[in-house]
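In the text below, chain A, chain B and the rest are named by the order of the sequence lines, each starting its count at 1.
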Amino acid sequence: MLQQKTAIAKFVSDALSLPEADVSTMIEYPPNPELGDLALPCFRFAKTLRRSPQDIAKDVAGVLSATGQFASVEAVGGYVNVKLQRELVFKDVVRTLQEDPEKLFSRKRGVGRTAAIDYSSPNIAKPFSVGHLRSTVIGQAIVHMLKADGWKVVGINHLGDWGTQFGKTIVAYLKWGDEEVVRQNPVRELFKLYVKFHEEAQANPELEEEAREWFKKLEDGDPEATRLWQWFISESLKVFRSMYDRLGVTFDHYLGESFYNDKMQAVVDELRDKNLLVESEGAEVVDLSAWNMPPCIIVKSDGATIYATRDLAAANYRHDEFGADTLIYVVGAEQTLHFSQVFKVLELMERPWAKNCKHVAFGMMKYNGERMSTRRGKVVYLEDVLEKAVDEARKIIEEKNPNLADKDAVAEAVGIGAVIFNDLKSYRMHDVDFRFEDVLNFDGETGPYAQYTHARACSVLRKAEESGFQPADDFQVMGVHDSEWRLIYQLGQAQEVLERAVDDLDPSLIARFVLDVCHAFNRFYHDCPILSAEAERAQRLALTNATRKALAYGLHLLGLKAPTAM
RNA sequence: GUCUCAGUAGCUCAGCUGGAUAGAGCAACAGCCUUCUAAGCUGUGGGUCGGGGGUUCGAAUCCCUCCUGAGACGCCA
């Protein structure tokens with residue numbers, strides 16, 4: 001629809017001698033399809049032109065009407081309502097999709113740009129819980145979206161592989177751990193020990209001191225501490241990688257916090273050279289009071305660095321080594337202040353790219369209305385959620401389509417799709433209370449619904465092929481049914497949707513779009529015979545094929561698989 | 001206490017760069033499978049858009065204020 005908007009804006013801006021871009025952004029989609037396909041409210045022109053909106057609308061309608069490029073143009077109140085030539089848009093949209101679905105979505109605005117995205121970033125020796133799901137799936141979707149818009153993207157898993165919690169885990173393991181038991185199920189057992197540590201530490205605060213000592217040993221390169229630490233990491237990574245495989249999540253780099261251990265002194269030195277560090281309560285900080293923020297601690301009073309220092313080092317590394325001009329952090333909203341501080345310090349360090357640092361924040365995942373707590377062992381394992389979702393999918397397949405080939409693979413795709421989509425569709429700053437009943441619901445606005453619609457389109461195309469029909473590029477459009485038009489109309493908005501999703505770094509817009517297309521397709525499917533229609537068969541097959549491609553692409557952007565049957 | 005973010009139908013949310021009668025899904029109820037996958041489609045009921053002010057031709061959308069909830073607020077990340 002962007003093309004049509006541009007065309008209208010051009011005529012209007014010529015006629016009223018107003019900037020084309022201003023007019024273009026004012027063109028909107030009427031609330032009611034009866035009114036038209038596109039509309040231009042003229043109220044805002046009234047002041048500058050010193051005429052009534054109704055008058056202007058009438059003039060504009062006359063101008064657009066005279067071009068002969070629109071099916072109808074009407075001035076209603078202060079609005080100009082335009083109906084498009086359905087046949088032309090139909091052909092245009094369908095052909096673009098048949099040729100290359102990516103073209104419908106993108107103008108490749110990001111060519112030449114590089115973004116480094118930090119997402120997922122779980123902690124070593126802790127369970128991969130549903131709490132990590134949001135960062136993981138949102139980050140992965142943003143990776144796909146940016147790539148679609150032409151960006152070069154570097155995906156980074158900033159693993160929590162350093163810090164005093166390793167002292168705690170080591171102490172707990174040495175005190176209460178059984179190597180055999182831990183080897184059976186390392187991450188869960190180590191986590192149990194970690195929880196036990198916190199329980200015991202309530203009564204015996206000296207445990208904390210022991211933990212600190214063990215972490216100090218680790219920092220000093222003690223062989224025993226290092227061996228255990230590395231073991232924790234390799235076992236955790238095994239679990240994480242299996243989660244990522246199932247979720248279809250990939251990274252270009254696994255660079256944990258420890259990777260920056262030797263890169264932080266340079267940050268401290270530079271800050272000192274630039275006179276940005278001041279002493280405060282024994283620590284060295286960057287004063288940010290001019291920006292209404294608390295100081296950013298760089299060196300703690302015990303001389304050690306802290307996460308802000310680490311994030312500064314990591315930011316420099318991502319820019320310098322990966323050539324990233326844009327840094328994106330998909331991290332919970334509770335770290336908003338931290339990132340504002342880090343970004344401000346980067347600016348003070350005169351990094352011109354500091355203004356391109358973005359924190360993609362999201363609300364907290366809760367369970368039974370309560371915050372999940374790793375310390376108290378209150379977590380929902382993602383593994384368990386995926387298992388339940390896949391079981392549910394398998395159950396529904398047995399019930400509805402027992403003869404389906406590849407049942408296990410489809411159940412996996414659908415179950416996991418349900419989990420991913422559920423987290424993506426309503427992405428906002430809202431906190432989410434995790435509920436199995438929501439994730440396991442496959443009706444309505446869900447991943448399985450979108451996948452089902454795609455499979456349905458595939459099924460029609462299979463049936464067509466069996467009867468000797470193929471979707472062709474050169475088809476005649478023999479009139480466009482309202483339901484066909486609704487579908488085309490939705491598909492035509494792909495580019496605007498992707499561009500806004502990229503600009504806002506918001507995958508939920510894509511999810512919404514996919515749902516809208518699905519609804520329009522299912523309505524079309526219900527209202528319009530495809531195979532049995534003589535005259536319209538060609539155009540409807542082409543439309544079905546085009547929709548199939550658009551849905552597959554949209555699902556791909558979100559990180560969902562698109563089975564061809566289910 | 002200060003700052004940030006949220007508050008739209010019973011529930012979950014969309015709409016928020018101001019525009020036409022506030023939209024979906026779930027749940028409830030009522031229809032639609034001898035015909036391309038009913039994980040679908042259609043319809044009904046359901047709203048002081050947290051309250052109150054203001055700006056505007058026009059406010060769910062912008063500003064102020066209050067209420068409620070969540071989070072952050074220096075040596076964890």
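- Note on A/Arg428: every side-chain N or O is 4.0 Å or more away from OP1 and OP2 of B/A70.
- Contact annotation for A/Val285: base contact, defined as any heavy-atom pair under 4.0 Å involving a base atom.
- Here NE2 of A/His198 is found 4.5 Å from CZ of A/Arg375. Values are rounded to the nearest 0.5 Å.
- Distances shorter than 4.0 Å separate none of the side-chain N or O atoms of A/Tyr525 from OP1 or OP2 on B/C33.
- Of the candidate nucleotides B/C11, B/A70, B/U37, B/U37 has the atom nearest to the side chain of A/Arg456.
- Look at B/C64: its glycosidic torsion is beyond 90° from 0, and that puts it in the anti range.
- The side chain of A/Leu531 lies closest to B/C36, out of B/C36, B/C75, B/C41.
- Across all strands, A/Tyr307 comes closer than 4.0 Å to base atoms (heavy-atom distances).
- At the heavy-atom level, A/Cys42 lies nowhere under 4.0 Å from the strands shown.
- Among the protein residues, A/Pro529 comes within range of the nucleic acid bases, having at least one heavy atom under 4.0 Å from a base atom.
- Within the nucleic acid shown, A/Ile306 comes within 4.0 Å of sugar-phosphate atoms alone, with no base atom in reach, counting heavy atoms only.
- Across all strands shown, A/Asn81 has heavy atoms under 4.0 Å from base atoms, whether or not it also approaches the sugar-phosphate.
- Listed pair A/Arg540 / B/C36 fails the phosphate criterion, with no side-chain N or O lying under 4.0 Å from OP1 or OP2.
- As judged by a 4.0 angstrom heavy-atom cut-off over every strand, A/Lys425 is placed among residues making no nucleic acid contact.
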Distances under 3.5 Å between protein N/O atoms and the N/O atoms of nucleotides 62-64 of chain B, please, pair by pair.
none

CA sep, side-chain torsions, deciding dist, call: A/Asp118, A/Arg318, salt bridge (Lys or Arg N to Asp or Glu O under 4.0 Å): CA-CA 10 Å; A/Asp118 178 329; A/Arg318 289 168 191 180; 3.1 Å; yes
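- Distances from the side chain of A/Ala39 to the nucleotides B/A38, B/A20, B/G74 place B/A20 closest.
- Side-chain N/O atoms of A/Lys300 include one lying less than 4.0 angstrom from OP1 or OP2 on B/C76.
- Comparing B/C41, B/A20, B/A77 by their nearest atom to the side chain of A/Pro31 picks out B/A20.
- A/Arg371 comes within contact range of the sugar-phosphate backbone alone, with a heavy-atom separation under 4.0 Å but no base atom that close.
- Residue A/Asn32 is classed as a base contact, given a heavy-atom separation below 4.0 Å to a base.
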